[in-house]
Amino acid sequence: MSACVPTRATDPSDSNPTRRVHPPHSPPPTPPRRFRIAGADVSASIAVFLIALPLSLGIALATGAPLQAGLVAAAVGGIVAGRLGGSPLQVSGPAAGLTVVTADLIHRYGWRTTCAITVLAGVVQLGLGCLRVARTALAVSPAIVHGMLAGIGVTIAVAQLHIVLGGTPQSSVLDNLRGLPAQLARLQPAAVSVSVLTLALLLLWPRVPGRAGQLLRRIPAALVAVAGATAAASFAGLTLPKVDLPSWSSHALAGLPEGPVLGLAAAVLTTTLVCSVQSLLGAVAVDKLVAGRPDLISGAPGSGRGARVGRSDLNRELLGQGAANIVSGTLGGLPVAGVAVRSSANVQAGAVSRNSTVLHGVLVVIAALLMVPVLEFIPLASLAALVMAVGIQMVSLHHIRTVTRHREVPVYAVTTLGVVLFGVLEGVTLGVAVAVGVALHRLTRTRITHHEREGVHHVHVRGQLTFLAVPRLSRALHLIPHGADAVVELDGSFMDHAAYESLQDWQKTHTAQGGSVELTGRRPGTRIAEPSDSAHCRCRPWTPWRNHQCERPYTPSAAGHPGASGEPGAAQGPSAGRESSGHELARGISAFQRNTAPIVRGELARLAREGQQPDQLFLTCADSRLVTSMITSSGPGDLFVVRNVGNLVPLPGEESGDDSVAAAIEYAVDVLKVRSITVCGHSGCGAMQALLTSEPGGTRTPLQRWLRHGLPSLERMADDTRPWARLAGRAPADAVEQLCLTNVVQQLEHLSAHESVARALREGELELHGMYFHVGEAQAYLLTGADGDGLFDHVEAAADLPA
């Protein structure tokens, strides 16, 4: 162990035999359990309550249900789903995604039967949760989910536009669209002015500049918009329809379902589907938000006693949502589901446990009982404008760009139009049918081309090679003359038995007639023959990184150099070395042009047209043994990579003329809008070795001046008051590995100090990750702890990891 590694001082009090000694690196003793609510949960619950109150009333208004039903659903969603659900920080309540479904049910069956349908949907959710099939819902194509939400958003926006203009919406989107001209002819100026004021406050409040804006933005924009419009309408004396909350004694509860059995079953199925999918996808989204807060992952000091939030238990979440729907429907409330707006606000407001969700439900109950006179001042036009804005936001441009990039626009468009024109269940069914059709089309779409180049016949197969493509494959293969040289390039991951038999039979026949056949491609199990023009090289297209030494033919010119010999590894002169390096470079480029360029040309052409849109910034060491694309299984356009000696991130203001790292960070976060930044260290890092062995004073070379940015890592490792970064399952091999791990944690801290990064973290638009790669083991480790507990856990090679 290097002298730079500190030895921990002995506490004189340890000699006291009566003192309880706590073993090092072991969990602290568990204190007596007692109920307490962290201050962060209290403040977060208030923030969520202020958002939930106007939205719950607005959604109830949009569905045509009693306005108390929105408050009942918000309270039950917070208390029941918050206490029993499997996603501690997800906030449940009446969701905009359920507005169209609930409005249709009320129109068909009435309010009491709709409550009964909500209860039955909750029972079905409980059954699905007991069967542990929650993750099955995640198999639904995101294009279908996004299309469903977009269709619901369009339906909501068109319906609420009538109330904004001072009228009454119809029961269908088409009727609302047809009625818009007449509604515009008789619009109510008072309702329009209140709605415009609500939308203006909703849009401008988050954009208030300066330090005052940072303080004001803590008040939710929805609350400010509704409160401001209400105050303006009251001061102006405008006569408008307002919130009317009847006495709770006359509140309608659930009744026995009345209607055709098949219709009721379809209604229960639709409600269950929308509630479950929205809640489960919301729980997954909350997990991503939690991952951006290290204090919630590790239970670091300062985050509250025992504040550790694990990944969501989706089956338990389904059980909690089912229980909430049973209670909400029984008490005469709207259907309940996880709500993205309130959940993200809960996480960003600093919540550390499920107590914030439960407490927000308690606050809704208090408001429903004590604030009725205040709530009845709210104009309905203001609530309609708020809900209309929510509906417009459900048509997300980000989602549209995502489905366009993945070529799933038909699925998205059909689902959206189906929901708008026919209903949620019908639209989702159409979307599933189109998604299956697109998948089958991609499976069966195979492009087979044939061309001749320099006497060699090339047959290129792009796509999956199934029995449907056998006739076209056979026609292309029979265009090759007998005795000719042929290359068959298979660019696909699947070949069925019929295609395999056809290809093998032709190969045997063609070689028997004096021809040659070379099969190339990425299909597992395909024999790849060596190219005839490079028989002296045993390299494969994906192995140039192996630092191999190909055998080169003996030439008199090479033998004429001093020190040359026919033995591998013999020393050669400088000029020979330059010729060898140049030849190696040219041959590598040639192999790329021959084998890889045809495969990636289409994708690179798309990137050239659309520009780069990487998902993450990957900051790692300049060490030649680290191949970022190989370690992360990424391709062109996926990573924005910054490499330097020691994977260092200089603190802002300490670059001293070298702004390259800070410039790359700013460009990646502010321009490219990356979603995550990863700092990756590695074993055997020369920069960390140099830090450990460096001595103060002496000549300050450029390398030494750069390595000063790593001195905080050295100081952190020597700090007795901070736990050391460590690997799961074993201790660091030596001081160098210990410093490599510590350096990753320290550079993440430096990264958070950059203004663009700090701002993106506050807004929940960015995640930071630490990574350690052991070169000798080819094993990656991800940082799972926070600053106070830097634990690097190894990444399993599991087949079920999400893509």
Side-chain angles (χ1 to χ4, degrees), residues 56-77 80-81 92-128 148 151-152 155-156 159 168-173 175-176 244-279 318 321-337 368 387 419 422-429:
S56 300
L57 292 172
I59 291 172
L61 173 68
T63 61
L67 295 185
Q68 290 108 320
L71 300 177
V72 171
V76 171
V80 179
S92 301
L98 295 163
T99 303
V100 175
V101 177
T102 310
D104 183 61
L105 294 180
I106 295 174
H107 177 72
R108 290 188 183 185
Y109 304 110
W111 172 240
R112 291 171 64 87
T113 298
T114 300
C115 293
I117 291 172
T118 301
V119 173
L120 294 175
V123 173
V124 176
Q125 285 181 303
L126 284 180
L128 295 176
M148 177 188 74
I152 292 172
T155 305
I156 292 172
T168 303
Q170 303 298 317
S171 58
S172 70
V173 178
D175 290 341
N176 283 323
D244 182 16
L245 292 175
S247 171
W248 284 102
S249 60
S250 61
H251 178 61
L253 304 179
L256 293 176
E258 298 178 359
V261 175
L262 291 179
L264 292 175
V268 172
L269 177 62
T270 303
T271 305
T272 303
L273 173 68
V274 178
C275 289
S276 302
V277 171
Q278 180 167 343
S279 299
L318 200 55
Q321 295 293 333
N325 274 312
I326 292 175
V327 175
S328 180
T330 303
L331 298 179
L334 292 171
V336 170
V387 177
V419 170
F422 306 112
V424 175
L425 184 60
E426 294 84 353
V428 170
T429 303

- Task: Show your working on side-chain contact (heavy atoms from CB on, under 4.5 Å) between Thr113 and Leu264 and close with a plain yes or no.
- Result: CA-CA 9 Å; Thr113 298; Leu264 292 175; 4.0 Å; yes
Tell me the closest heavy-atom pair linking [X] and [Y], and the distance in Å.
X	Y	result
Ala65	Ala69	CB-CB, 4.3 Å
Val119	Thr330	CG2-N, 3.5 Å
Ala60	Pro66	CB-O, 3.9 Å
Ala62	Ala103	O-CB, 4.3 Å
Leu334	Ser328	O-OG, 2.7 Å
Cys115	Gly329	CB-O, 3.3 Å

Please identify each residue that fulfils side chain to side chain donor-acceptor pair (under 3.5 Å) with [X], with sequence neighbours left out.
X	result
Arg108	Asp104
Thr114	none
Gln125	Ser276, Asn325

- Val419, Val100, Ile156, Thr155 screened by side-chain contact (heavy atoms from CB on, under 4.5 Å) with Val173, the one that passes: Thr155
- Any chance you could lay out the side-chain contact (heavy atoms from CB on, under 4.5 Å) test for Val124 and Leu128, step after step, and finish with the verdict? CA-CA 6 Å; Val124 176; Leu128 295 176; 4.2 Å; yes
- Item | Flag side-chain contact, heavy atom, 4.5 Å: Leu105 against Thr270 | no
- Query: Would the number of heavy atoms belonging to other residues, nucleotides or ligands and lying under 6.0 Å from CD of Glu258 be above 12?
  - Reply: no
Just how far is it from atom [atom1] of [X] to atom [atom2] of [Y], taken to the nearest 0.5 Å?
X	Y	atom1	atom2	result
Leu98	Thr63	CG	OG1	10.0 Å
Ile117	Thr102	CD1	OG1	9.5 Å
Leu67	Ile59	CG	CD1	12.0 Å
Leu71	Leu331	CG	CG	13.0 Å
Leu262	Leu269	CG	CG	12.0 Å
Gln278	Met148	CD	CE	6.5 Å

